[in-house]
Visitor: 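Below is the structure I would like to discuss, written out as C-alpha cells.
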Amino acid sequence: MAAEAVQESVSSQWLPDMDFIRQELGRQNPTVLSVLVALVVGLISLLIWRLLRGSQSRRRAILLVGLCDSGKTLLFSRLLTGNYWKTHTSISPNTAAYRPKNDKGSNFTLVDVPGHESLRLQFLEQYKTAVRAMIFVVDSSAFQRQVKEVAEFLYQILTDATLLQYSPPMLIACNKQDISMAKSAKLIQQQLEKEL
C-alpha cells in the first residue's frame with residue numbers, strides 16, 4: 001500500500017511535464033521535437049565522454065622500471081625533491097604524488113619499481129593497470145655486461161598483454177652518462193634493437 005502511494009506521488013510529479021510533452025508532440029511542433037532530440041544527444045555524448053575520460057583518469061602512475069642498480073631510486077628522489085640523495089637497492093616500491101612544475105592541473109603517482117630479478121615482475125604486475133607512462137632506466141656504465149638481461153626485461157614489458165592494451169608511452173633513459181666508460185645512448189639503442 002505504501003509503495004503504491006510513493007509510486008503515485010512520483011508519477012504525479014512527472015505527470016504535468018509528460019502531458020505537456022505529449023501535447024507538444026501531438027501538435028507536431030518541430031521546434032520542441034528538435035530541442036528534445038538535441039538534449040538526448042547531448043546527454044548521451046556527455047555520458048560517453050565521462051566514461052572515456054574516467055578510464056584515463058584512473059591511469060595516473062608513471063613507472064620507473066629497469067634492472068637493479070640502474071639509478072631508478074636516485075631519479076625518483078631527484079624528480080620529487082630536486083636534490084641528490086644517497087640511495088640503496090630497493091626491495092619495495094617507492095611511491096609519491098608528483099606534479100610537474102609547468103602543469104597546474106595534472107597530478108601523477110610516481111612509482112619506483114624495484115629492479116631485483118625476483119621482485120620486478122611481481123611489482124610491475126601490481127602497477128601495470130594504473131600505468132600512464134613508463135621510464136625504462138638503463139645503467140650506461142654496466143650496459144655491456146647486462147645487455148641480454150636489459151633486452152629480456154624490455155621485451156617482457158613490450159609484449160605484456162595488459163601494457164599492450166593500454167599502450168603507455170615509454171622513455172628509455174640512459175643513466176650514468178657522466179661515468180667515463182659509459183656507453184652512448186646511440187650505441188645502447190643499436191644494441192637493444194639488435195637484441196630485440
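Just so you know, these numbers come straight off a predicted model, no measurement behind them. These numbers come from the heavy atoms of this one structure, side chains and all, not from hydrogens, waters or symmetry mates.
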Visitor: State, to 0.1 Å, how close Leu80 and Ala97 come at their nearest heavy-atom pair, and which atoms those are.
Guide: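 So the minimum-distance heavy-atom pair works out to CD2-O, 3.7 Å.
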Visitor: Got a donor-acceptor contact below 3.5 angstrom from the Ser77 side chain to the Leu74 backbone?
Guide: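 Flag set: sc Ser77 to bb Leu74 pair under 3.5 Å.
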Visitor: For the CG atom on Leu39, are there more than 12 heavy atoms of other groups (residues, nucleotides or ligands in this structure) within a distance under 6.0 Å?
Guide: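 Result for CG/Leu39: enclosed.
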Visitor: According to a hydrophobic-cluster definition based on side-chain heavy atoms being under 4.5 Å apart (Ile, Leu, Val, Met, Phe, Trp, Tyr only), do Leu119 and Phe153 belong together?
Guide: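 As far as the 4.5 Å side-chain criterion goes, Phe153 and Leu119 are connected within one cluster.
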Visitor: Is there side-chain contact between Thr109 and Tyr127, with heavy atoms separated by less than 4.5 Å?
Guide: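 With C-beta onward as the side chain, the pair stays apart.
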Visitor: Side chain to side chain contact (heavy atoms under 4.5 Å, CB included) between Leu75 and Leu64: does it pass, once the steps are laid out?
Guide: CA-CA 8 Å; Leu75 181 60; Leu64 295 167; 3.8 Å; yes
Visitor: By salt bridge (charged side-chain N to carboxylate O under 4.0 Å, His left out), which residues pair with Lys183, not counting sequence neighbours?
Guide: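 Scan of Lys183 (salt bridge (charged side-chain N to carboxylate O under 4.0 Å, His left out), adjacent residues dropped) gives none.
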Visitor: For Gln126, does the CD atom sit with more than 12 other heavy atoms under 6.0 Å from it, leaving out its own atoms?
Guide: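 Enclosed: over 12 neighbouring heavy atoms sit under 6.0 Å from CD of Gln126.
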Visitor: Compute whether any side-chain donor of one residue and acceptor of the other, for Thr73 and Asp112, lie under 3.5 angstrom apart.
Guide: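 Yes, side-chain donor-acceptor contact under 3.5 Å.
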Visitor: Hey, any chance Val131 and Tyr155 share a hydrophobic cluster, counting ILVMFWY side chains that come within less than 4.5 Å of each other, even indirectly?
Guide: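 Yes, Val131 and Tyr155 fall within the same hydrophobic cluster.
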Visitor: Under a single-linkage definition using a 4.5 Å side-chain heavy-atom cutoff for Ile, Leu, Val, Met, Phe, Trp and Tyr, are Phe76 and Leu67 assigned to the same hydrophobic cluster?
Guide: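 Different clusters: Phe76 never reaches Leu67 through Ile, Leu, Val, Met, Phe, Trp or Tyr contacts under 4.5 Å.
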Visitor: Check for me, please, whether Phe136 and Leu110 land in the same ILVMFWY cluster - side-chain distances under 4.5 Å, paths through other members count.
Guide: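 Per the 4.5 Å side-chain linkage, Phe136 and Leu110 are not co-clustered.
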Visitor: Nearest 0.5 Å, what's the CD-CD distance between Gln144 and Gln191?
Guide: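 So the gap between those two atoms works out to 5.5 Å.
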Visitor: Taking the side chain as every heavy atom from C-beta outward, state whether Leu163 and Met134 have any pair of such atoms under 4.5 Å apart.
Guide: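 When only atoms from C-beta onward are counted, Met134 and Leu163 do touch, with a gap below 4.5 Å.
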Visitor: Can you tell me if Arg132 uses its side chain to pair, donor with acceptor, with the backbone of Arg60 under 3.5 Å?
Guide: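 A pair under 3.5 Å: no.
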Visitor: Of the non-hydrogen atoms in Val65 and Lys72, which two are nearest, and what is the gap between them?
Guide: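 Heavy atoms only, the tightest pair is C-CD, 3.3 Å.
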Visitor: If we count only N and O atoms by modelled type, under 3.5 Å, do the side chains of Glu193 and Gln189 hold a donor and an acceptor together?
Guide: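 Side-chain D/A pair, Glu193 to Gln189: present.
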Visitor: State, yes or no, whether a side-chain contact exists between Leu63 and Val111 at a heavy-atom distance under 4.5 Å.
Guide: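 In contact.
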Visitor: Could you tell me which non-hydrogen atom of Asp139 sits nearest to which non-hydrogen atom of Lys176, and how far apart they are?
Guide: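 That closest heavy-atom pairing would be OD1-CD, 3.1 Å.
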Visitor: Do you know which two heavy atoms are closest between Phe123 and Pro93, and how far apart they sit?
Guide: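 Phe123 and Pro93 have their closest heavy atoms at CE2-CD, 3.4 Å.
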Visitor: Go through the steps for Met170 and Ile157 under the test side chain to side chain contact (heavy atoms under 4.5 Å, CB included), then give the verdict.
Guide: CA-CA 10 Å; Met170 181 184 292; Ile157 290 172; 3.3 Å; yes
Visitor: Tell me, do Ile172 and Leu154 make a side-chain contact under 4.5 Å, heavy atoms counted?
Guide: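 When only atoms from C-beta onward are counted, Leu154 and Ile172 do touch, with a gap below 4.5 Å.
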Visitor: Rounded to the nearest 0.5 Å, what's the gap from CD1 on Ile62 to CG on Leu79? Could you check?
Guide: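 So the gap between those two atoms works out to 8.5 Å.
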Visitor: To check you understand the geometry: which heavy-atom pair defines the closest contact between Ile135 and Ala173, and what is its length?
Guide: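 Taking every non-hydrogen atom into account, CG2-CB, 4.1 Å.
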Visitor: What's the spacing between Gln177 CD and Ile188 CD1 if we round to 0.5 Å?
Guide: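 With rounding to 0.5 Å, CD (Gln177) is 6.0 Å from CD1 (Ile188).
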Visitor: Taking all atoms of both residues into account, what is the closest heavy-atom pair of Cys68 and Gln146, and its distance?
Guide: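 Answer, listing the atom of Cys68 first, then Gln146: O-NE2, 4.5 Å.
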Visitor: Would you call Gln156 and Leu124 a side-chain contact if the rule is heavy atoms closer than 4.5 Å?
Guide: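 The answer is no, as the side chains (C-beta and beyond) never meet within the 4.5 Å cut-off.
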Visitor: Is it possible for you to say whether Leu187 and Leu196 belong to one hydrophobic cluster, with membership spreading through side-chain heavy-atom contacts below 4.5 Å?
Guide: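 Leu187 does not cluster with Leu196.
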